[in-house]
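Here the structure comes first, spelled out in C-alpha cells, and everything after it is commentary.
For reference, positions follow the sequence shown, starting with 1. We count ligands from 1, going down the list as the structure has it; atoms in each ligand are counted the same way.
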Amino acid sequence: MNWGEEAQARLSRIAACSTTAEGVSRLPFSGEHAAALDHIRGWMVRAGLTPEMTASGTLVGRSAKGEGPTLILGSHQDSVPHGGRYDGIMGVLLPCLALEKMQLDGRQPAVPVEVVAFADEEGVRFPTALIGARALAGTLDPAALDLTDADGISIAEAMAGFGGSPDQLSTLQRRPEDVLGFVEVHIEQGPVLETEGLALGTVTGICGIERNAIVFTGETGHAGTMPMAGRKDALVAAADFISGINRLAKEQGEVRATVGTLSLAPGAVNAIPKRVELVLELRAVDDAQRLSMHDAARALAGQSSAAMGCGLSFERTYSQTAVLCDPRLQARVANAVSATQGGTGFDLPSGATHDASAMSDLCPVAMMFVRCRGGVSHRPDEFVTDADMALAVDALDHLLAGF
Ligand code: HGY
Ligand code: MN
Ligand code: MN
C-alpha cells in the first residue's frame with residue numbers, strides 16, 4: 001500500500017464534506033460535520049479502532065487493547081471558511097493509517113491508543129475554540145455553551161441538535177493518570193520546513209493567543225454636507241488604530257497582530273460611518289510579550305478614538321496561554337522523525353494554536369509538523385505531498401511501535 005497516495009485519496013473524498021466547492025468549509029455540528037464523521041468512522045474501523053461519538057460531538061476511536069494509561073492522537077475535523085483539505089483532518093487520518101499499517105503487518109501498539117476527531121478547534125462558528133479538547137481536559141467553562149453563532153444558535157443547541165449532550169460534558173473529563181499523553185500531527189502552516197528541505201519536524205511549543213472585540217462609536221451624517229472638520233468618523237478612528245497596531249507589532253518583532261474581521265454601520269456610501277466593530281488577535285510564544293502588546297493596543301485604541309471624538313469599547317473575549325511541549329514525549333516524536341527521514345531531526349515552534357494547546361491542561365503533549373507547500377494554510381491551495389504524508393505515517397508507526 002502506498003500510504004501517501006491512500007492519505008491523499010481519503011482527504012480528497014472527505015474534502016467534499018463542505019458547503020463550498022472552492023476550498024473546504026466545514027463548521028462544527030453541521031451537516032458537513034456529520035458527513036465527515038461517516039468517513040472518519042470508516043478510517044477508525046479499518047485501523048482496528050471502535051468509534052464512538054461523545055457528548056461534545058468528538059468522535060473517539062478506541063483500540064481493543066485493554067487497561068492502562070492511554071496514548072491519545074488526533075486533531076480537529078472543522079475548517080475555516082474556504083480552508084484547505086489538510087488543516088486538522090490530516091491529523092485525524094494519519095494516525096488511523098499508521099494503525100492500519102501496523103495491523104496489516106500483524107503488529108499493534110504496546111499501549112492502549114485512541115484517535116480523536118474534535119468537532120471544533122478553529123473557533124470560527126462560535127466566539128470560542130477548542131471545545132472538544134477542553135471538555136476532555138475539564139477546562140471548558142459551562143457558560144461558554146451559551147455563546148451563539150451568527151444565527152443566534154448557542155453551542156449547547158448546536159451540540160444537542162448534532163446528537164451530543166451538552167449537559168453531560170463534565171462526564172468527559174479524563175483523569176491525568178489515565179492518559180499517557182496527546183500527540184498531534186498537523187501541517188506546519190508556515191514555510192520553515194520547506195525552507196529547510198525537510199518533510200517532518202518536531203514542535204517545541206505552541207503560541208499563546210488572545211482575541212479582543214473592539215468597537216469605535218462616532219456619529220453618522222450626510223457625506224456631502226458634513227464638513228470634514230469635526231466629523232466623528234468611526235472608520236477613520238479604526239483605520240488609525242489598525243495601522244498603528246500593525247506598526248507597533250512590526251517594531252516589536254515577536255508578537256503577531258491581526259485584524260481579521262471588521263464590520264461597520266450604517267454602511268452606506270454616502271453616510272459617515274458611526275460604528276465599527278473589529279477583532280484584534282494577538283499571538284506570541286512568550287505570554288509576557290503578548291500581554292505587553294495588549295496594553296499597548298488598548299492605549300492606542302484610546303488615542304485613536306479620542307482623536308476622532310469617538311467612543312470606544314475594548315474587551316478581551318478569548319485567550320489561551322502559550323504551551324511548551326513535554327520534553328519526553330517531544331523526544332519520542334523527534335526520534336521517530338529522525339528514524340524516518342534521517343538526519344538529526346528539526347525542532348520548531350508553532351505560530352498556530354492547536355488542540356494540543358488545550359490538551360496540555362490534561363496531559364503531556366507533543367506535535368509533529370508536516371511540510372506544506374509554500375507554508376500556505378487556511379486557503380484552498382493548501383497542499384501536502386503524498387510522499388510527505390507517507391513519511392509521517394512511517395514516523396507515527398515508529399512512534400507507536402516504540403511505546
Ligand atoms: O488559528 C489558529 O492558529 C488555528 O488554525 N486554529
Ligand atoms: Mn488546525
Ligand atoms: Mn486552522
Please determine whether any non-hydrogen atom of Arg283 lies less than 4.0 Å from an atom of ligand 1. yes
Between Glu32 and Arg26 (salt bridge meaning N to carboxylate O under 4.0 Å), is one present in this structure? no
Under 4.0 Å to a heavy atom of His378 - the qualifying atoms of ligand 1, by number: 5 (O)
Has ligand 1 got any nitrogen or oxygen that is less than 3.5 angstrom from a nitrogen or oxygen of Glu281? no
His186, N/O/S atom nearest the Mn ion (ligand 2): NE2
With carbon and hydrogen excluded and only N/O/S kept, which atom of Glu122 is nearest the Mn ion (ligand 3)? OE2
Under 4.0 Å from any heavy atom of Glu121, which atoms of ligand 1 are there? 4 (C), 6 (N)
With the Mn ion (ligand 2) at the apex, how many degrees lie between NE2 of His76 and OD1 of Asp87, rounded to 10 degrees? 90°
Report, in ascending order of atom number, the atoms of ligand 1 lying under 4.0 Å from any heavy atom of Ala352. 3 (O)
Between His33 and Phe162, what is the ring plane arrangement, given parallel below 30°, perpendicular above 60°, and tilted in between? parallel
Using a cut-off of strictly less than 2.8 Å, determine whether His354 has an N/O/S atom near the Mn ion (ligand 2). no
Leu130 versus Ser357, closest heavy-atom pair with distance: CD1-CB, 4.4 Å
I'd like to know if the Mn ion (ligand 2) has an N/O/S atom from Asp355 within less than 2.8 Å of it, counting both backbone and side-chain atoms. no
Of the non-hydrogen atoms in Gly4 and Met389, which two are nearest, and what is the gap between them? O-CE, 4.1 Å
On the 0 to 90° scale, with breaks at 30° and 60°, tag the Phe241-Phe216 ring pair as parallel, tilted or perpendicular. tilted
Salt bridge flag under 4.0 Å for residues Glu382 and Arg371: no
Under a 4.0 Å N-O cut-off, is there an ion pair linking Arg373 with Asp381? no
